[in-house]
Amino acid sequence: MKRILVFVEQRDGQIKKAALETLGEAQRLGEVHGLAVHTALVGAALDAAAEELSTHKIDRLWLAEAPALRLYSPDGYTTALQHIAQESGADLILFSATSMGRDLSARLAERLQAPLASDCVAIRIEGKRLEAERPVYSGKVLATLELMGDGPYLASLRPNVFAAAAADTVDPSRIARVDLQVNETDLLCRTAEVKSAAGTHLDVAEAEIVVSGGRAMKGPENFAILQELVEALGGALGASRAAVDAGWIDHQHQVGQTGKTISPNLYIACGISGAIQHLAGMSSSKIIVAINKDPDAPIFQVADYAIVGDLFKIVPLITQEVRRMKGA
Ligand SMILES: Cc1cc2nc3c(=O)[nH]c(=O)nc-3n(C[C@H](O)[C@H](O)[C@H](O)COP(=O)(O)OP(=O)(O)OC[C@H]3O[C@@H](n4cnc5c(N)ncnc54)[C@H](O)[C@@H]3O)c2cc1C
């Protein structure tokens with residue numbers, strides 16, 4: 001292997017945190033195995049993202065820009081990335097296992113007739129082969145995959161697992177543009193509009209601290225006490241499916257098998273029993289704190305800190321203490 005290519009996901013010119021983590025892992029592999037690290041940005045008006053990216057340690061930044069690619073288009077982005085993959089001669093192409101990364105990596109794998117390992121929590125280069133570890137069966141089993149063939153190999157990396165990329169000095173000579181003619185009328189599928197949810201709350205999948213509430217919250221109004229802790233800690237608000245299904249909180253907050261898979265530094269589960277489908281989305285969090293009045297709740301089996309008691313009494317006390325410590 002000679003070259004790794006990282007697809008860098010950006011939205012409105014802002015690079016996603018998960019993309020910097022994927023780049024960080026590419027840099028680590030590059031250093032260990034003496035491989036060049038190339039990056040790819042696809043979209044429109046990419047100057048700000050390109051500038052930010054060129055402050056990281058990379059050997060080359062490939063830009064595929066076209067007004068028609070302002071919003072994600074499955075076939076448009078696949079075509080752009082296929083050009084870059086071929087021009088860069090990448091042996092390994094890495095994505096973040098976000099919704100876009102999973103979709104795009106599968107499409108590119110099909111176009112290149114190349115093997116793909118998705119949602120990996122570890123990857124290793126063993127000679128000419130790629131070995132990847134990924135959780136399966138809701139995280140009950142860790143499968144090791146071996147990618148075969150002549151390459152290139154594709155892999156998507158789970159967000160919040162890998163260390164983010166190190167910064168470096170800006171070097172504009174690293175930027176290469178691919179000549180791309182993509183018209184909106186050529187696209188088979190394109191995103192017509194992106195509607196942001198009300199407010200500017202941090203996404204659970206991007207936050208380093210997540211406070212989640214379950215069925216024990218009893219109603220939408222009680223999420224306010226969790227929101228206060230979220231704000232004191234500077235994190236994001238999560239929820240179990242029971243709370244989402246009850247209509248107390250939007251699905252974008254759901255953590256678990258049919259919600260988001262997250263690995264924050266700190267996860268605080270409030271009144272959540274710890275069903276296997278919930279654990280599938282959060283058990284790789286670095287530190288887990290569970291508050292539950294049932295001492296036998298399954299969530300305590302994965303918790304680093306177990307608080308047995310009534311969340312309605314405990315959460316406000318924690319919020320108060322966090323505010324006191326922060327001097328707020
Ligand atoms: C195909 C499938 C996919 C699923 N996907 C998901 C998913 O993505 N995410 C997900 O979360 N679930 C998912 N589920 C549902 C999952 O099986 C559970 O039903 C759900 O996680 C339960 O939510 P809960 O823990 O909030 O509620 P419960 O299981 O009812 O637990 C509530 C907990 O709160 C505790 N409690 C009650 N009052 C208090 C109090 N005052 N203070 C402290 N503790 C209190 C109770 O002791 C209990 O442990 C899925 C299920 C299926 C079948």
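What you are looking at is a predicted structure, and each value in this text was computed from that prediction instead of being measured. In this chain, residues are counted from 1 in sequence order. Remember, it's 1-based here, ligands and their atoms both numbered in the order they're listed.
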Asks: Do the charged groups of E208 and K286 touch, with an N to O distance under 4.0 Å?
Replies: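 Judged by the 4.0 Å cut-off on N to carboxylate O distance, E208 and K286 do not form a salt bridge.
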
Asks: Do you know which of I123, L145, V121 makes side chain to side chain contact (heavy atoms under 4.5 Å, CB included) with R134?
Replies: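 One option only clears the test, and that one is L145.
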
Asks: Salt bridge or not for E146 and R129, using N-O below 4.0 Å?
Replies: yes

Asks: Quick one: do R158 and D119 make a salt bridge, cutoff under 4.0 Å?
Replies: yes

Asks: State which residue, out of I288, N292, I307, fulfils the side chain to side chain contact (heavy atoms under 4.5 Å, CB included) condition with F300.
Replies: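 Passing option: N292.
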
Asks: Check each protein residue for a heavy atom under 4.0 Å from ligand 1 and list those that pass, ordered by chain and number.
Replies: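 Within 4.0 Å of ligand 1, the protein residues are G214, R215, A216, S240, R241, A242, Q254, V255, G256, Q257, T258, G259, G271, I272, S273, A275, Q277, H278, N292, K293, D294, G309, D310, L311, F312.
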
Asks: So that I can tick it off, tell me whether D75 and R107 are bridged by a salt bridge, with the cut-off set at under 4.0 angstrom between side-chain N and carboxylate O.
Replies: no

